[in-house]
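The shown structure was predicted, so the numbers you read here are calculated from the model rather than taken from an experiment. Chain A is the first sequence line, chain B the second, and so forth, proteins listed ahead of strands; every chain is numbered from 1.
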There are 2 protein chains.
Amino acid sequence: MAENYNSNVLDLNLGGGNNNGGSQGQVGQSLRPRCPAPFLLKTYDLLEEGGVADGGGGGKIVSWNGDGSGFVVWSPAEFCELTLPRYFKHNNFSSFIRQLNTYGFKKISSKRWEFKHEKFQRGCRDMLVEITRKKCEPSVFPSYLKSSSEENATTSNSMEENNNNSHQLLMEENMNLKKERLELQMQIAEFKSLEMKLLECLSQVMDNHQNKSRRQC
Amino acid sequence: MAENYNSNVLDLNLGGGNNNGGSQGQVGQSLRPRCPAPFLLKTYDLLEEGGVADGGGGGKIVSWNGDGSGFVVWSPAEFCELTLPRYFKHNNFSSFIRQLNTYGFKKISSKRWEFKHEKFQRGCRDMLVEITRKKCEPSVFPSYLKSSSEENATTSNSMEENNNNSHQLLMEENMNLKKERLELQMQIAEFKSLEMKLLECLSQVMDNHQNKSRRQC
DNA sequence: GGGAATATTCCC
DNA sequence: GGGAATATTCCC
């Protein structure tokens, strides 16, 4: 039994905020949260417990796959009805899938509901801390931000009434630019910290190398 | 009875996304959502129903205030235990309060849990659509950003002639921001190339190291 | 799959 | 009270 999660889908205090990182730019791979996201812990524990052992019919509802490198939802219907509500505040398969995607899991079979994540493996609960939510890292900016940089031409026709409007637009663009600037500055901060770490690493490796060479003389 | 919301706190499909506005920049008050936020509807309906009529002891749990201009949670404990879970996915008073604040309600008594919102009144369910989530409209930027955005605040007194002037200033600031952006982007490009070189260097050193070790065996 | 809105939680 | 992270939902 695992009534430790949601008794009645209430009394739960694991849900939202995670004391991860606070307000620190949080560099891609560098800073590591202290504890895994609640979603990951719940999903892991749910597997350790077999979802709910069995759905009454004797068949498994959900389990690790053969080599523990992923997991399979054998019975989506029972999974939704019996398993999900005991761990989460819903019983929708799609919400569960949405979370899997958010954390970078991949569906690896078209024939059954099997999912994998490099850092989500049987016996490796400690590794969960390595899994982070996908953030929009590569092209940092929301789609609506991209436009503003190129189309400020404002094909103004009716100048009169266009005044207020264009002012509004300018203000908006301005705001977006500032937001963008902040994001760029944060990226730069991250690069700086990354560079520092790389240099440190390099110097350690070289030190290490030298020491060994010396010892062998 | 109002088991129409959360039977077992599940089966609920009203929760999250609201088909309001789509992806349209959504300027302050202009675009009006077609339907009120789920939170507002639930809170309104919960009042129409008296929370759960009474808590068994005969006393009201929650109700409109005298003139219907606000509402009072008479018994927070019962409200959490009995009312909240029937309408929401939780039983935490603080989460309920957080939502009230998000939608701009005000606590109007230090002696009891009474809340008001101009557009939240008994008999005016249609008015709920006017209530919007507080977004970070006024000072969009995190505190540490404010500096630059306010330096040009132009404490506008003489509105008339200030129009053109502020427009001019905005354009200028805009231009500067774009220039700045370009510079930041170039810095980032450099960092990327630097990172690449460092990583390459590191890998060479390590290769080198390995080879030597091997040779010395 | 993933963007984006709302909901819930945690923390100041 | 409100900022910000995670969760849940809706929609493309």
Side-chain angles (χ1 to χ4, degrees), chain A residues 6 9-26 33-43 80 84-85 87-107 115 131-136 138-139 141-146, chain B residues 6 9-26 31 33-43 80 84-85 87-107 115 131-145:
Chain A
N6 291 3
V9 190
L10 294 177
D11 306 328
L12 175 60
N13 236 358
L14 295 165
N18 204 357
N19 57 342
N20 294 346
S23 52
Q24 316 184 10
Q26 189 98 359
R34 283 168 227 125
C35 65
F39 170 76
L40 300 169
L41 288 174
K42 292 183 192 178
T43 303
C80 292
L84 285 180
Y87 290 84
F88 306 99
K89 286 173 181 288
H90 65 84
N91 60 355
N92 305 305
F93 200 50
S94 58
S95 293
F96 181 69
I97 303 294
R98 185 73 196 81
Q99 284 282 69
L100 290 177
N101 286 326
T102 295
Y103 284 96
F105 284 74
K106 295 295 175 199
K107 188 166 186 288
F115 300 91
I131 304 177
T132 57
R133 290 168 77 89
K134 277 195 225 168
K135 288 171 190 172
C136 29
S139 70
F141 308 103
S143 49
Y144 60 89
L145 245 184
K146 284 183 193 158
Chain B
N6 291 2
V9 189
L10 294 176
D11 307 326
L12 174 60
N13 237 358
L14 294 165
N18 203 356
N19 56 342
N20 294 345
S23 53
Q24 314 184 12
Q26 188 99 358
L31 295 181
R34 286 168 225 122
C35 64
F39 170 75
L40 300 169
L41 289 173
K42 292 182 192 179
T43 303
C80 292
L84 285 181
Y87 290 85
F88 305 99
K89 287 173 181 287
H90 66 84
N91 59 356
N92 306 306
F93 200 51
S94 58
S95 293
F96 180 69
I97 303 296
R98 185 73 196 83
Q99 284 281 71
L100 289 178
N101 286 326
T102 295
Y103 284 96
F105 284 74
K106 295 294 175 199
K107 188 166 185 289
F115 299 91
I131 304 177
T132 57
R133 287 168 79 89
K134 277 195 224 167
K135 287 172 190 172
C136 30
E137 290 170 63
S139 70
V140 175
F141 308 104
S143 49
Y144 53 93
L145 240 187

Practice problem: Determine the contact category for F96(B): base if any of its heavy atoms lies under 4.0 Å from a base atom, sugar-phosphate if only primed atoms, P, OP1 or OP2 are that close, otherwise nothing. | Solution: nothing
Which whole-number value in Å describes the distance from [X] [atom1] to [N] [atom2]?
X       : N      : atom1 : atom2 : answer
Y87(A)  : dA7(D) : OH    : C1'   : 18 Å
K106(B) : dG1(D) : NZ    : C1'   : 8 Å
L41(A)  : dT6(D) : CG    : P     : 13 Å
F39(A)  : dT8(C) : CZ    : P     : 18 Å
L100(B) : dG2(D) : CG    : P     : 12 Å
F93(A)  : dG1(C) : CZ    : P     : 12 Å
R133(A) : dT8(D) : CZ    : C1'   : 10 Å
Q99(B)  : dG2(D) : CD    : C1'   : 13 Å

Practice problem: Could you tell me which non-hydrogen atom of P85(A) sits nearest to which non-hydrogen atom of C80(A), and how far apart they are? | Solution: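 It is CD-O, 3.1 Å.
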Quiz prompt | Minimum heavy-atom distance between L84(B) and F93(B), given as atom pair plus value | solution = CD1-N, 3.9 Å
Taking 4.0 Å as the cut-off, does a side-chain nitrogen or oxygen of [X] come that near to OP1 or OP2 on [N]?
X       : N      : answer
H90(B)  : dA7(C) : no
Y103(A) : dA7(D) : yes
K107(B) : dG1(D) : no
N92(B)  : dT9(C) : yes

Practice problem: Please tell me if the side chains of L41(A) and Y87(A) come closer than 4.5 Å, counting only heavy atoms from C-beta onward. | Solution: no
Quiz prompt | Side chain to side chain, F115(B) and K106(B), heavy atoms closer than 4.5 Å | solution = no
Check every atom of [options] against the side chain of [X] and return the nucleotide holding the closest atom.
X       : options                : result
K134(B) : dT6(C), dA7(D), dG2(D) : dG2(D)
K89(A)  : dG2(D), dA7(D), dT8(C) : dT8(C)
N101(B) : dG1(C), dG2(D), dT6(C) : dG2(D)

Practice problem: Measure the CG-CZ distance between N92(B) and R98(B) for me, rounded to the nearest 0.5 Å. | Solution: 14.0 Å
Exercise. Classify the side chain of R98(B) and the base of dG2(D) as holding, or not holding, a donor-acceptor pair under 3.5 Å.
Key: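 Yes, a donor-acceptor pair under 3.5 Å.
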